[in-house]
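Below is one structure, written out as structure tokens; comments come after it.
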Amino acid sequence: TTAADRSPDTAAGLDDTEAAYSPEEVHQEFGENPNEVRDTNHYQDEYIKGFVDKWDDYIGWEGRAASEGSFFIDQLRARGVEKVLDVATGTGFNSVQLLEAGFETVSADGSAEMLARAFHNGRERGHVLRVVQADWRWLNRDVHGEYDAIICLGNSFTHLFSERDRRKALAEFYAMLSHDGVLILDQRNYDSILDDGFSSKHKYYYSGDTVTAEPEYLDDGLARFRYTFHDDGSVYHLNMFPLRKDYVRRLMREVGFQKIDTYGDFQDTYGEDTPDFWIHVAEKT
Ligand code: SAM
């Protein structure tokens, strides 16, 4: 099913046809009780065109390249990886980095909006991304082949709201990896937010001048973040599940990964030695 220009209205991988592509959507739909929206399928309604158009302002490709450095490329090269599946392509930042580093890369995502943007971003940099629309829970149905590595980056796994979905997704990743394959999955450091709280003076601001990203609501089952874009004042939200680091490590082990190393990203943005992100590197053998 790999196709460079797959039609964005092919909602392959979705179990809910209502979640299909809706280009006219300008407002995110969280209903009357946004803090009750705790649904794995809801990412489809969150990454609407307006937000996707802004996403690159948020992540900032240059700044991100500088802060990530060659960490992921080094991890992959050290393991002799050739084929990589980016399962959370988003607007394509990591896929483009991988292509430019010479890896054979397939770019998957459940969001047609995101993939369309990734494809466009790739073209602007002289690449033709091989994009596939696929939900992680049914990855093997829509993406074919075997990969030496799977990457799931940019705090994406947080979109899964039930343990069943997390186990299913990890099992699908495991199955698509070669016998000695590696999964690299990152997550925001929710332990520090859950344990220290955010309502105090301790503010969590990201991405400098152009965007403010801050938690708006938090409990054990929901981290709702607000993203304010300063150029036009637009505001978007993401509802995410606050994953604890050791919980994710345990799930990975239980699904079959043999060795899990977790790295802290010490590019801290709030003046302490607390990493913003954890990066799990999970090996099958
Ligand atoms: N990796 C990109 C980055 O760092 O900029 C994108 C990160 S964005 C926070 C999360 C991505 O995961 C979105 O593109 C979203 O569509 C995708 N996603 C969330 N849940 C998914 C699922 N169940 N199956 C497939 N993709 C999913």
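Follow the hydrophobic side-chain contacts under 4.5 Å out from Leu218 and you never reach Phe30; the two are in separate clusters. Taken together through direct or relayed side-chain contacts under 4.5 Å among Ile, Leu, Val, Met, Phe, Trp and Tyr, Val37 and Phe51 form parts of separate hydrophobic clusters. A chain of hydrophobic side-chain contacts below 4.5 Å, direct or via other Ile, Leu, Val, Met, Phe, Trp or Tyr residues, connects Leu160 to Ile260. Follow the hydrophobic side-chain contacts under 4.5 Å out from Val235 and you never reach Tyr47; the two are in separate clusters.
Counting non-hydrogen atoms of neighbouring residues, nucleotides and ligands closer than 6.0 angstrom, the CD atom of Glu124 exceeds 12 such neighbours. Atom CZ of Arg123 sits in a sparse spot, with 12 or fewer heavy atoms from other residues, nucleotides or ligands closer than 6.0 Å. Around CZ of Arg164, the count of heavy atoms belonging to other residues, nucleotides or ligands within 6.0 Å does not exceed 12. For Glu254, the CD atom is densely surrounded, since the number of other residues' heavy atoms within 6.0 Å is greater than 12.
If you check the side chains of Thr40 and Asp165, you find a donor sitting under 3.5 Å from an acceptor. With hydrogens and angles left out, the side-chain atoms of Tyr190 and Asp220 include no donor and acceptor closer than 3.5 Å. Side-chain contact of Asn155 with Gln187: a donor-acceptor pair under 3.5 Å is absent, judged by distance alone. A side-chain N or O of Ser95 and one of Asp86 form a donor-acceptor pair less than 3.5 Å apart. Asp219 and Tyr217 share a donor-acceptor pair across their side chains, judged by distance under 3.5 Å alone. Looking only at atom types and distance, the side chain of Glu216 has no donor-acceptor partner in the side chain of Tyr227 under 3.5 Å away. Checking Asp74 against Ser70 by side-chain atom types alone, a donor-acceptor pair falls below 3.5 Å.
Geometrically, Arg166 does not engage Trp136 in a cation-pi contact, judged by NZ or CZ lying under 6.0 Å from the ring centre and within 45° of the ring axis. Under a cutoff of 6.0 Å and an axis angle of 45°, Arg249 and Phe257 do not form a cation-pi pair.
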Determine, stepwise, if the pair Gln258 / Lys284 fulfils side chain to side chain contact (heavy atoms under 4.5 Å, CB included).
CA-CA 5 Å; Gln258 296 295 307; Lys284 266 176 97 162; 5.9 Å; no

Taking it one step at a time, do Leu238 and Arg224 satisfy side chain to side chain contact (heavy atoms under 4.5 Å, CB included)?
CA-CA 6 Å; Leu238 289 179; Arg224 178 169 165 83; over 6 Å; no

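Under the 6.0 Å cut-off for aromatic ring centres, Phe277 and Tyr263 do not qualify, their centroids lying 6.0 Å or more apart.
Asp195 is listed as a side-chain neighbour of Arg244, based on a closest heavy-atom distance under 4.5 Å. Side-chain contact check for Asn35 versus Leu222: some heavy-atom pair is nearer than 4.5 Å. Counting heavy atoms from C-beta outward, Arg117 and His120 have side chains that approach closer than 4.5 Å.
Applying side-chain hydrogen bond (donor to acceptor under 3.5 Å, both in side chains) to His280 and the options Thr262, Asp261, Asp186 leaves one that passes, Thr262. Tested against Ile184 for a side chain to side chain contact (heavy atoms under 4.5 Å, CB included), the candidates Leu76, Asn94, Val81 yield a single pass: Leu76.
With salt bridges taken as basic N to acidic carboxylate O contacts below 4.0 Å, one links Lys54 and Asp232. Under the 4.0 Å criterion applied to side-chain N and carboxylate O atoms, Glu283 and Arg79 are assigned as salt-bridge partners. Under the 4.0 Å criterion applied to side-chain N and carboxylate O atoms, Asp135 and Arg141 are not assigned as salt-bridge partners.
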